[in-house]
Amino acid sequence: MTLTKRIIPCLDVKEGRVVKGIQFVQLRDAGDPVELARFYDQQGADELVFLDISASVEGRKTMVEVVKSVASELAIPFTVGGGINSLEDMKRILRAGADKVSLNTAAVLNPELISEGAGYFGTQCIVVAIDAKFDEEIGTWRVYTHGGRTATNRKVIDWAKEAAGLGAGEILLTSMDSDGEKNGFDLKLTKAVSEAVSIPVIASGGAGNASHFEDAFVNGKADAALAASIFHYKETSVHEVKSYLLERGVTVR
């Protein structure tokens, strides 16, 4: 049975506004999260990801009120990440209306958090987000934390396997090298991680047009693909991407 591929817009939120940058810097405003959530729900997005991108750096909690407002507009699954450091934080976000929580920095610092969350809420609620950057020195991709500011000693493939083993339900894999460049997803990275784990992998970073989504699914073996700026700035739409994929025989919802 072929699983349908998912198209997921991403809201990177800073100080209550959606922003978008290039390789995690040069952020510019992209709108109101509640309005954008409503727009993507109507457009036929399969899911929505909301990342409070400065929460871990500023050491504060994800904005629960904004999460509640966004959730009230949605009929599609909704994943929230940023500043989630404990089971209590997960409870707060899921009670506010999220369907899944995304763990990044906190999971790297405390891997047990993955199994704790999976044990309490079920693996389907736990997404582990991995920010990956190729490192010539080690000859593979390195894991970064704190919104891409801090290099760790972890290798991406090893960490993805470990996260899956601890109970992650899916991996949200962002290529820092490709992020915001619009030259396509990092297919080597996506394929390497997709083949290393048995859970779904969401490709992120680099979408510039509809053909890049096809590449992510066919050549990168991704289960879902996420994009931000090309949707926020109306360069293409979820509907247009899905129509393109269907014409080319890629099964989408």
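- The CD1 atom of Ile126 lies 12.0 Å from the CD1 atom of Ile171; values are rounded to the nearest 0.5 Å.
- Sequence neighbours left out, not one pair with a member in residues 86-111 passes ring pair (Phe, Tyr, Trp, His ring centres under 6.0 Å).
- The ring pair (Phe, Tyr, Trp, His ring centres under 6.0 Å) search around Tyr144 returns none, not counting sequence neighbours.
- With rounding to the nearest 0.5 Å, the separation of CD in Glu47 from CD1 in Ile8 is 4.5 Å.
- Looking at Asp131, Thr152, Asp135 one by one, the single match for side chain to side chain donor-acceptor pair (under 3.5 Å) with Arg142 turns out to be Asp135.
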Under 3.5 Å, which donor-acceptor pairs link side chains of residues 211-224 to any protein atom two or more places apart or in another chain?
{"residue": "Ser211", "atom": "OG", "partner": "Asn209", "partner atom": "OD1", "Å": "2.6"}
{"residue": "His212", "atom": "ND1", "partner": "Gly208", "partner atom": "N", "Å": "2.8"}
{"residue": "His212", "atom": "ND1", "partner": "Asn209", "partner atom": "N", "Å": "3.3"}
{"residue": "Glu214", "atom": "OE1", "partner": "Tyr244", "partner atom": "OH", "Å": "3.4"}
{"residue": "Asp215", "atom": "OD1", "partner": "Asn219", "partner atom": "ND2", "Å": "3.4"}
{"residue": "Asp223", "atom": "OD2", "partner": "Val201", "partner atom": "N", "Å": "2.9"}

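- Annotation: cation-pi pair Lys191/Phe185 absent, no NZ/CZ under 6.0 Å from the ring centroid and within 45° of its normal.
- Between Arg92 and Glu88, none of the side-chain N atoms (NZ, or NE/NH1/NH2) sits under 4.0 Å from a carboxylate O, so this pair counts as no salt bridge.
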Query raised in the report: Taking it one step at a time, do Ile202 and Leu173 satisfy side-chain contact (heavy atoms from CB on, under 4.5 Å)?
Result: CA-CA 6 Å; Ile202 305 166; Leu173 180 66; over 6 Å; no

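- Taking 4.0 Å as the cut-off between side-chain N and carboxylate O, Asp46 and Arg6 do not count as a salt-bridged pair.
- Annotation for Thr123 and Gly167: closest pair CG2-O, 3.1 Å, computed over non-hydrogen atoms.
- The SG atom of Cys10 lies 4.5 Å from the CG atom of Leu226; values are rounded to the nearest 0.5 Å.
- Atom-to-atom distance recorded for Thr4:OG1 and Ile7:CD1 is 10.0 Å, nearest 0.5 angstrom.
- Rounded to the nearest 0.5 Å, atoms NZ (Lys234) and OG (Ser229) are 12.0 Å apart.
- Ser204 and Thr174 share a side-chain donor-acceptor pair at under 3.5 Å.
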Could you pull out every donor-acceptor pair under 3.5 Å between side chains of residues 70-80 and any protein atom, sequence neighbours left out?
{"residue": "Ser72", "atom": "OG", "partner": "Ser69", "partner atom": "O", "Å": "2.6"}
{"residue": "Glu73", "atom": "OE1", "partner": "Arg38", "partner atom": "NE", "Å": "2.8"}
{"residue": "Glu73", "atom": "OE2", "partner": "Arg38", "partner atom": "NH2", "Å": "3.3"}

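- The environment of Lys91 atom NZ is dense: over 12 non-hydrogen atoms of other residues, nucleotides or ligands sit within 6.0 angstrom.
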Requested in this report: Would you check, one step at a time, whether the test side-chain contact (heavy atoms from CB on, under 4.5 Å) holds for Leu189 with Asp177?
Outcome: CA-CA 11 Å; Leu189 168 67; Asp177 300 303; over 6 Å; no

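- Residues meeting the side-chain hydrogen bond (donor to acceptor under 3.5 Å, both in side chains) test with Lys155, sequence neighbours left out: none.
- In this structure, CD1 in Ile130 is found 8.5 Å from CD1 in Ile157, a value given to the nearest 0.5 Å.
- Here ring pair (Phe, Tyr, Trp, His ring centres under 6.0 Å) pairs that include residues 79-135, with residues two or more places apart or in two chains, are Phe134-Trp141.
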